[in-house]
Structures are given as C-alpha cells and as structure tokens.
2 protein chains.
Amino acid sequence: MKVTGDQALVKKINTSIALEAIQLHAPISRAQVASMTGLNKATVSNLVNELLEQQLVLEIGPGQSSGGRKPLMLLFNRHAGYTIGIELGIGSFTAILCDLSGQIVLEEANIPIRSNESEHVIDSLCDTITALRSQAPSAPYGTIGIGIGAPGMVDEEGNVLFAPNLGWRNVALKRAIEERFPGAIVTVDNEARAGAIGEWEYGAGEKAQHLVYISAGAGIGTGTIIGGELFKGAYGYSGEMGHMTIEANGRKCSCGNRGCWELYASEKAIAEAGKNVSYHSLEEIMQAAEQDEPNALHTLHQIGEYLGVGIANIINTFNPELVIIGNKLTQAERWIRKPLLRTVQQRTLQSHQHGLQIHFSSLQQRSTVLGAANQVIQLFVGRTKVSV
Amino acid sequence: MKVTGDQALVKKINTSIALEAIQLHAPISRAQVASMTGLNKATVSNLVNELLEQQLVLEIGPGQSSGGRKPLMLLFNRHAGYTIGIELGIGSFTAILCDLSGQIVLEEANIPIRSNESEHVIDSLCDTITALRSQAPSAPYGTIGIGIGAPGMVDEEGNVLFAPNLGWRNVALKRAIEERFPGAIVTVDNEARAGAIGEWEYGAGEKAQHLVYISAGAGIGTGTIIGGELFKGAYGYSGEMGHMTIEANGRKCSCGNRGCWELYASEKAIAEAGKNVSYHSLEEIMQAAEQDEPNALHTLHQIGEYLGVGIANIINTFNPELVIIGNKLTQAERWIRKPLLRTVQQRTLQSHQHGLQIHFSSLQQRSTVLGAANQVIQLFVGRTKVSV
DNA sequence: CATTGTAAATTTAGAGCATAAATAAAGTTG
DNA sequence: CAACTTTATTTATGCTCTAAATTTACAATG
C-alpha cells in the first residue's frame, strides 16, 4: 500500500517496535525496551502505557533490581484475544483456536469434507469456526479473526485462483468468510506460505531471518521468509516451486510442464514408481519399508535424493539459513533424511552451505494452522516496518 | 538497518515520495505532486522549496493554465551531480559517466585488463575513475560516487566473495575504492543484479513492478526486482540461479553440482556442443549460423530451448511481469528467440503467462553500467520506503 | 538507620513536521 | 471587469519524539 509519512505513522512504527521487543524478550522493563530498541525512555513509557490501556501488555510487578529502583516487568498479554487457524486439506480440514502467542487452546483435527463443492466446504468451515468461537475463553478482544491456509494459488485479495486438488477456480474464499463473520480479520493464503510462517514463529525456524519451508505432501509447495518477512513475490502468489523443472526431458506434469520437481519428490513419485509394484500411498510404502522391502526402500531413497535436488536449487536461488521440510513426507524422515542431505551437500556451492541448516518440521502437521493464525495476529497488532 | 520513527524519518519518506513523483512525471507542478502522492499541498510546497535550495529540483517557469493560476513547473535537476558506473568483465571493463537521470556523458568501453590480480585491476579501475572525474562537467555536487557491477558473488559490504572468472576470493573491492576516493558514495554489486536495475530504470523494464533480468554470457547470472525493489535475498547474495539444476543427471559443473542451467544455456553450451565440430565462441557459431549450417543452428536452437526451461522455472518461482534477457547472448536473438518463447509457453502455468512479457535487453551491453550508476544515485537521493 | 548512590519511570519544556483552513497570487471566462 | 478557478503560501493547531529535570524506589554503606 502507498503510504506517506505523518505522525500517526511514526507512532505506529514505534509501537510496533516496542511491542515486538516485549513479545520477544518478556518479561522486560520499559528501560530495557528503550535501550534495546533505541527509542527514548519517555517514548517507551508513553507507548507502553497506551499498550497497557489497550490490554495488549500486562505489568506483572517489580523485577530484580540492579542497584536502583526495581523495574516494572512487562508481558505481552497473549490472552487479549484469540484467533482461529485453519488448514484446508484434501478431503478434510483442521482448525485450531489459539491465543496471541500461538498457544493452542482447542483443536479440531481432520474434519472430513464430504464434497469439494466450494459452497459446501465454506459452510463446513463456517460451522467449525462458529463452534470454536463459542468455546473461546472470554477476552478483551474476543476472537479477533480467522486465518486460512489453502492448497493452491491464492492472490492478495484472498481469492483461491486455482486449487486442482479441490477442483476450485476463482473462489473468493476470504470475502465469503468475511461476510459470515463481520468484523473479524480474515486472511487466506497458500498452505505452504502459511506453513513457513508457522515454522518461523513457533517451530524449527526460531530466529532465522531467512528460511524456506517445503511442504511435501500430495504435491510440493514452498514458502519463503527473507529478512524476517514472508516473501510475497509478484502479485503475491509466487511459490509454485513444486513445478520447477529438474528433468528437462522428464515426465509430463498436469501443469503442462515436463520434469516438475513434485513428480519426483512428493507422493506423486510413489504412485509413479509403484506402477509395477503395489504401492499407492505413502502409508503403504512406509509399511513395506518397515519390512525392508528393497523396492520400497529404493523409492524412498530416490524421493529423498530428488527432494535434495530441488532444495539445492532453492538454496542457490535464495541462499537461506534454514530449510524446513514439512507436511506428510516428514513421516518418512527415517528413510528420506540421509539421501536428501547427501544430495544437497553434493549439489550446492560451498559458500552457501556455510551456516546452512536443514530441519524437518517440529510442529507435526501444525505448521499451517499456526501460520494461518499468526497472519491474523500480525494484522491485529499492526506490524509496520521501514526500509532505508 | 534498524530504524525507529521520528520526524526526520517522516520528512525523509515524504521527500523521497515527492522527488520520485517529480522524477517520473516532470514537468510537474506542486499541486499535481500533492494530488498524485496524497501529500498535503503545504507539505509539498515546503519539501519542494528545500529541494530547490538543494538544487535537486529546478523551476522552469509557468506551465499551461487549466482555468486558474498558471502552475510553476518543476524538473528533477539531473545535472546536480554526476556518477560513474562500471561493469567489471572478464579481460576488460567498461566505465561510464552519467548524470542523475542516467544520461551517459562519457563512455570508456572495453578497457583491457592485463592481469586479473586484484590489486592491478583496482589500480586500473581507479585510473579510469580519476580520468572520468576530471572530465566531468562542473555541478553542484560534482561526481557523487562510483557504482560497480562485478562478475561473481558480492556480499552486502561490497566484498567480492567469489569470482571464478577473475580468480578472486574475498576481495574488499568497495573498501578499496572508498579509500582511494574519500567522500564518494561507492557501491559494489553483482553484475546481473546491477543489470536488472539498469533495465528496470532505463531499459526494457520501464514501469514493471516485478521483473527478472537474465544475464546470459560466459555463464548465467540473474537479478530480480520485486515490488519495485531489488530482491536481495538472504545475506544479500542470492541469485546464483545459473547453478539451478535442470537436468538432475546432467553434466558435471565446476560448482560441484550436476546439470546446471548455465551449462546448457550460456556460452558454455557452445564449447560443449561443439566438441566434435569447431565452434568455440559465440562469434564463431553465429558466423556459421549466418551460413545456415545445420549444426550451428541446432546448437543455437537448443540454447534457446534451455534458456526457456530455466526461465520457466524462474517464472514459477517469482511470477514476474517481465523477463529480460541481456548480456552477450542477446546478439544471437535471431536464432534463440523463437525456441525460447515456445519453451516458456509450453512449460509455465497458464495463470503465470497472463500478462507476462519476455524481452531482450534494449540497452545493449549498458544494463550493468547504468544499473551500477543508478545504485549510487539511489543512495544519493536517499530513497526511503515503508511497508505496512 | 540515615545517608549516598543508582536505576527506573514520569513529567516538563521544546522542537520538528504535517495538516486544514485561510489567504494571497495569478490566471481564465463570459 | 466581475466572477470564478487554480496554484501557491501563510497561519494556527495538533501530534509525536526527545533531552533534561524530576520523582520514585530501591541497594549499599558506614
């Protein structure tokens, strides 16, 4: 959005800075916030007092003195409001209610979807949202909003442009939810991008300024965080790296391209490799791998290698500190991990390997719901940044 | 940089907004600037008057009245200062002196470099810089700085971390130049990233908010502009997309990886394809192609196709509005163009093709020098942006 | 236990900037 | 030439940050 500078903007920026310092370093005193952020003590006092009035911050009494007056310690009031996070999957969805620090209060996992018809799905989502809202603890701001991670391309207005697994085209999901819950903050984003935020804020991504999250399931989606911010790309719907070519003359993909990464490194690879054997799902092949069946082991190893090929490309493109692999394929970490790491090591520039870490998701299927919820929280607290 | 909000920041933001409006829409009146930017008329008047004092803006007298008082038209004073842009190549470098709007005043093209030894190269650069500075027209701010585009990985401090074609490792190029020209603004960036800025500001990239520049020469480098800003990536030196794998089991690359894009879509592909024929350079193969030699034509077509494969990956990753192909291979546009476009069309998602344009560089080898010069100009005028 | 020193938080006074409204300047138009 | 328009500046006001002074609250010390 086009923004000009005025005093309100200054205050917004500084409030955001102060609140973030409190969130990250609680319990913390006003004086510490001032010295840490570079803001003037008086400014911090003013801003904090307003945040106290708004109940976004709590004073929990005096802390340890360091030779003088005891500081009054501050906490981010994670119970000021609650938010709902939803991961829309294939055949089912998962919804959570969490507080402003991402602590899950209620969870409704794997609610089946009977029909992929968008109206039906939206009805179903709304029923669950209503149920969660009614069970939410009372809070100054109540349930502030609903964040949704959807499988497919989502534009900046929250329209699901294309979701092949749901058979959706141009579904105005955000608007539909907003209409049902007037006043609520609603966000809709791609499932992998929400997952990236989830891992970054609450999972394996702690503190990393630059990370890439790879959602490897029925296909491959990616979410990228650069400089502590979600990388939006042009028009807001980049991230179709699952359709990056890694075999120029490879198999035909449903997207029209050939040799797409997700053909070789997602569940799609199982069905393909198993054409002559009888593996049709990740579950099946994992069972077989447990029995040390050579075919299953080989297929899983190959998936690991191909995941590594794509990850190497991502590393060369974005040079992140951290790559996190999430979604269903993490269940096969045992078999995938080694070939994946070896491939990445072989295929990336030495200089990019420096300080690079590769992790599997630590949130166990909760990356997306938490990330979706976090997107609402970010809007609620009004995070604002300046680049010079 | 970590920034807190104060009045100085507000002024900086608004000055930047006003100046940009004048640069882009000159000649323009104060009133137009105000209505265009959303700034208050009084604010614009104040800021413009300061810019006039600073000689960054000129008043060129009254314009056409639209029914009332004639507006006083404003121009960006492109002669307020001059800047030097340098493209460091292999075996030679090119330097220009240009005004603040990128108009080239002096050009020293293809100055040979006798030895790649960094000290020698730096000496040589400094000689040319000194010569250009001494010939620069007199201006309020004189020659404000030096921008350099270097072939290789450059970090945010202007250190050339790795430039295989020069045999450089960890050369503190920016600091070296700064020491020789105290007070000058010095920037050092990767050649392709500078090229992206050059094309965006002065070339085929006009007005596009999201573009990718592909520098196809001895290797492949890329520069990406997203949301009107150079995409820096983690640590500032992303963009090694030339080493993206497009043939998982392809040829070995000097970077350690296999099947890197630049092996198939840069000059490297000529040497390789020509192992049994006698093409060793772009010039040779183009001569042969002029004579319709089938081998040459086939090789060039293939290069076009492989360029398309990589570009398709980039499109899926960044979803830009505009892709610009620059550097040496543009000379072979005649032969490359068609297979390239066809391949991209075949390999990208329909939704991404919507509104996508693919151009060849319009600046003819000047993308990088102009982009490098522009980086200095940007710092000089202090462009500042806010994201909400 | 009163004194001294220190740290935290608040108050005060001052300055910078943007803005709306009023005013001035310089046109056009019938 | 009077009425209307548009452009630019001036004025008065409000908001925010900041430095410095002040208040508050505690620790250490003889």
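Proteins get letters first, then strands, A, B, ... in listed order; numbering begins at 1 in each. Keep in mind the model is a prediction, meaning the values are calculated, not measured.
In this structure, A:I225 CD1 and A:R193 CZ are separated by 10.5 Å, a value rounded to the nearest 0.5 Å.
Between B:Q32 and A:K11, the residue whose closest nucleotide on DNA chain D is further toward the 5' end is B:Q32. DNA chain C is contacted by both A:Q7 and A:K41; A:K41 maps to the nucleotide lying nearer its 5′ end (nearest heavy atom per residue). For the pair B:A31 and A:E50, nearest-nucleotide mapping onto DNA chain D gives the more 5' position to B:A31. Remark on DNA chain C: of its neighbouring residues A:G5 and A:N49, the 5'-side contact belongs to A:N49, judged by nearest-heavy-atom nucleotide.
Rounded to an integer number of Å, the gap from CG of B:D6 to P of D:dA19 is 10 Å. Atom CG in A:N46 sits about 9 Å away from atom C1' in D:dC17, given to the nearest Å. Taking atom CG on A:N14 and atom C1' on D:dT18, their separation rounds to 12 Å, with Å as the unit. If you take CG of B:N40 and P of D:dA12, they are 17 Å apart, rounded to a whole angstrom. Atom pair B:M73:CE and D:dA8:C1' shows a separation of 14 Å (rounding to whole Å applied).
With 3.5 Å as the limit, one finds no donor-acceptor pair spanning the side chains of B:E50 and B:N46. Side-chain N/O atoms of A:E53 and A:N49 include no donor and acceptor closer than 3.5 Å.
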What pairs of nitrogen or oxygen atoms, one from the protein and one from nucleotides 24-28 of chain D, lie under 3.5 Å apart?
residue: D:dT24; atom: O2; partner: A:R69; partner atom: NH1; Å: 3.2
residue: D:dA25; atom: N3; partner: A:R69; partner atom: N; Å: 3.4

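Residues B:Y213 and B:F231 place their aromatic rings such that the two centres sit no closer than 6.0 Å.
Looking at A:D6, its side chain does come within 3.5 Å of a backbone N or O of A:L9 through a donor-acceptor pair. The backbone N or O of A:T384 lies less than 3.5 Å from a partner atom in the side chain of A:S16, making a donor-acceptor pair. A donor-acceptor contact shorter than 3.5 Å is absent between the side chain of B:H210 and the backbone of B:I226.
Scanning both residues, B:L97 and B:Y82, for their nearest heavy atoms gives CD1-CB, 4.1 Å.
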- Task: Please assess B:R30 against B:E59 for the test salt bridge (charged side-chain N to carboxylate O under 4.0 Å, His left out), listing each intermediate value before the final yes or no.
- Result: CA-CA 10 Å; B:R30 290 166 175 79; B:E59 224 168 40; 2.7 Å; yes
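Contacts of B:S29 with the nucleic acid, taken as non-hydrogen atoms under 4.0 Å apart, involve only primed sugar atoms and P, OP1 or OP2.
Taking 4.0 Å as the cutoff to heavy atoms of chain B, we find the contact window on DNA chain C bounded by C:dA15 to C:dT28.
Distance from the side chain of A:A42 is smallest to D:dA19 among D:dA8, D:dA19, D:dC17.
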